Amino acid sequence: MQQSLNIYNTLSRSKEEFKAINPPFVGMYVCGPTVYSDVHLGNCRTFISFDIIYRYLSHLGYKVRYVRNITDAGHLESDADEGEDKISKKAKLAQVEPMEIVQKYTVGFRQVMEVFNALPPSIEPTATGHIIEQIEMTRKMLENGFAYEVNGSIYFDVEKYNKEKNYGALSGRNIEDLLNNTRELGGQDEKRGQLDFALWIKAKPEHLMQWPSPWGMGFPGWHLECSAMSNKYLGAQFDIHGGGMDLIPTHHTNEIAQNIAFCGKHPANYWIHTNMLTVNGQKMSKSLGNSFLPHELFTGDHPLLDKGYGPMVVRFFMLQAHYRSTLDFSNEALDASEKGFKRMMAAYDVLKQLTPSDSSTSDINVLKERCYNAMNDDFNTPVAIAELFEGVRIINSVKAGTESITETDLITLTDLFQHFLFDIFGLLTEEHATNNVGKVIDLLIDIRNSAKANKDYSTSDAIRNKLLEIGYQLKDSKEGTSWTTV
RNA sequence: GGUCGGAUGGCCGAGUGGCUAGGCUGAGGUCUGCAAAACCUCCUACAGCGGUUCGAAUCCGCUUCCGACCUCCA
């Protein structure tokens with residue numbers, strides 16, 4: 001068995017054995033959403049991926065402090081540091097308080113996460129709740145000579161930073177290439193260098209969101225809140241920092257620069273980045289207009305969808321691809337996952353009813369080992385699921401009587417399925433019918449059995465077909481008739 | 001244009017220098033009054049062209065195509 005957990009680290013571009021700084025404690029920071037609009041499915045994929053990582057680390061016995069921020073200020077319309085704060089802009093359009101926008105989309109985000117059965121993080125701090133920390137950090141960066149003030153705004157001096165440190169360490173780019181390829185953004189001449197970014201932005205009087213600072217009224221730049229909050233809750237150096245891949249070149253690169261400029265320490269040992277969800281091969285994004293909202297997916301109310309899919313089917317679909325691969329979104333792929341998910345869950349129900357024998361025809365311990373090996377290899381959920389499907393085959397074969405399993409192995413297998421399906425993958429069984437419905441169906445099964453005994457097949461078929469129409473499927477077997485919801 | 005990453009069977013998706021996942025679909029079979037489910041078997045793929053090697057889909061080079069980032073984006 002592969003004992004150790006290996007994680008692909010963006011910093012080294014290779015898999016590394018995971019070693020916690022202070023075991024059994026693990027600090028993990030994940031960049032959360034900017035709450036100016038609904039989260040779409042691509043956003044969800046990232047948070048579901050980190051939910052799995054959080055769950056697996058916890059399952060292994062780590063005490064994880066999982067910090068995921070809510071960015072509710074500072075995220076500008078463009079990186080020219082000229083535009084308006086995204087939330088401020090939305091608030092003006094809707095003629096509401098910025099905090100109403102923030103509240104609406106924060107609540108919406110949490111609801112969606114709950115529907116996907118993603119565990120809430122240990123701490124969910126907000127940018128507006130940490131203005132003081134951000135001002136303090138900015139002050140320190142000025143003091144350390146990595147930032148400069150222009151007309152009440154503070155900018156980070158990237159070229160100066162890069163003389164002492166490696167600005168492109170995370171993205172793998174060198175600064176000359178970046179300088180040569182930076183597009184002319186225009187309208188921005190306060191900054192000394194093209195790559196410089198704002199730490200603190202002077203607010204115009206009409207700005208809705210602004211706070212007092214040593215440099216006058218203003219608001220913090222995007223990137224800064226994550227540096228400030230990770231530092232506050234996880235310390236200057238912690239174990240894991242994550243987010244979507246699209247954050248690597250700018251947001252995370254700048255975060256690292258800020259933390260180093262602030263205290264000289266690289267914030268995180270392992271940088272984990274999740275890949276994009278695509279639609280017809282293209283990244284799902286708000287600006288491309290190809291994004292799906294979770295409720296559109298659940299109801300099927302979207303031009304690209306033939307039908308709706310349950311949140312657990314979507315979760316299972318996402319787990320069938322590795323988090324570092326792009327995943328393409330289509331009806332066909334969702335259909336396949338839906339069937340696979342139902343088969344998996346049906347097998348779990350069967351598993352609970354199996355009767356043990358004196359010997360096992362399959363090596364359950366090897367199966368278990370394979371499942372853990374898969375997860376230990378950079379959280380390889382698709383391989384782990386493939387192994388579990390081998391378990392499904394065993395379960396169904398034992399039920400059919402073509403294979404057998406000992407009591408010890410049965411316990412191992414049951415634990416394995418429970419741990420993986422529910423604790424680690426975070427799946428939920430679809431709500432089974434209430435007891436009363438179950439009793440009524442059992443009664444109908446009895447009546448149908450009498451009819452069958454009398455060879456009154458028109459009655460027995462009618463019962464089966466009508467039940468199927470309203471969503472309950474009967475399955476005859478040697479042990480009797482069972483039923484499932486469709 | 002620059003940087004980086006991909007191209008896997010009908011579809012989705014793992015993986016990897018020799019033992020060639022898995023799900024879905026399709027075909028056949030077993031079971032069954034018939035269905036459904038389940039189980040068994042089959043359809044055996046790695047973009048193209050070279051090279052390294054006893055052996056490559058896996059390593060190297062070139063070509064074609066696709067994507068991401070360089071503008072806000074998980």
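From a predicted model like this one, the values you see are computed outputs, not experimental measurements. A, B, ... follow the sequence lines: proteins, then strands. Residue 1 opens every chain.
- Rounded to whole Å, atom C1' of B/G22 lies 10 Å from atom CD of A/Glu390.
- A/Arg343 has a side-chain polar atom (N or O) that falls below the 4.0 Å cut-off from OP1 or OP2 of B/C39.
- Nearest nucleotide to the A/Pro249 side chain, out of B/A21, B/C39, B/C69: B/C69.
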Pairs under 3.5 Å (N/O, protein and nucleotides 29-32 of chain B):
none

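- If you take OG on A/Ser460 and CG on A/Leu444, they are separated by 12.5 Å, rounding to the nearest 0.5 Å.
- In this pair, A/Phe389 does not lay its aromatic ring on the base of B/G23; centres under 5.5 Å and planes under 30 degrees do not both hold.
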Open item on the list: For Watson-Crick and G-U wobble pairs within 3.5 Å on both distances, what is RNA chain B written in dot-bracket notation, | included for inter-strand pairing?
Closed with: (((((((..(((.....[...))).(((((.......)))))....(((((..]....))))))))))))....
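- Here B/A14 is the nucleotide among B/A74, B/A36, B/A14 with the atom lying nearest to any side-chain atom of A/Val383.
- Using a 4.0 Å heavy-atom distance criterion, A/Ala386 is classed as a base contact.
- A/Lys475 comes within 4.0 angstrom of a base, heavy atoms only.
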Please tabulate, one pair per line, each protein N/O and nucleotide N/O from nucleotides 2-10 of chain B that are separated by under 3.5 Å, including the distance.
residue	atom	partner	partner atom	Å
B/G2	O2'	A/Asn181	ND2	3.0

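- Both A/Lys452 and A/Arg324 sit near RNA chain B, but only A/Arg324 has its closest nucleotide nearer the 5' end.
- Neither OP1 nor OP2 of B/C40 sits under 4.0 Å from any side-chain N or O of A/Thr402.
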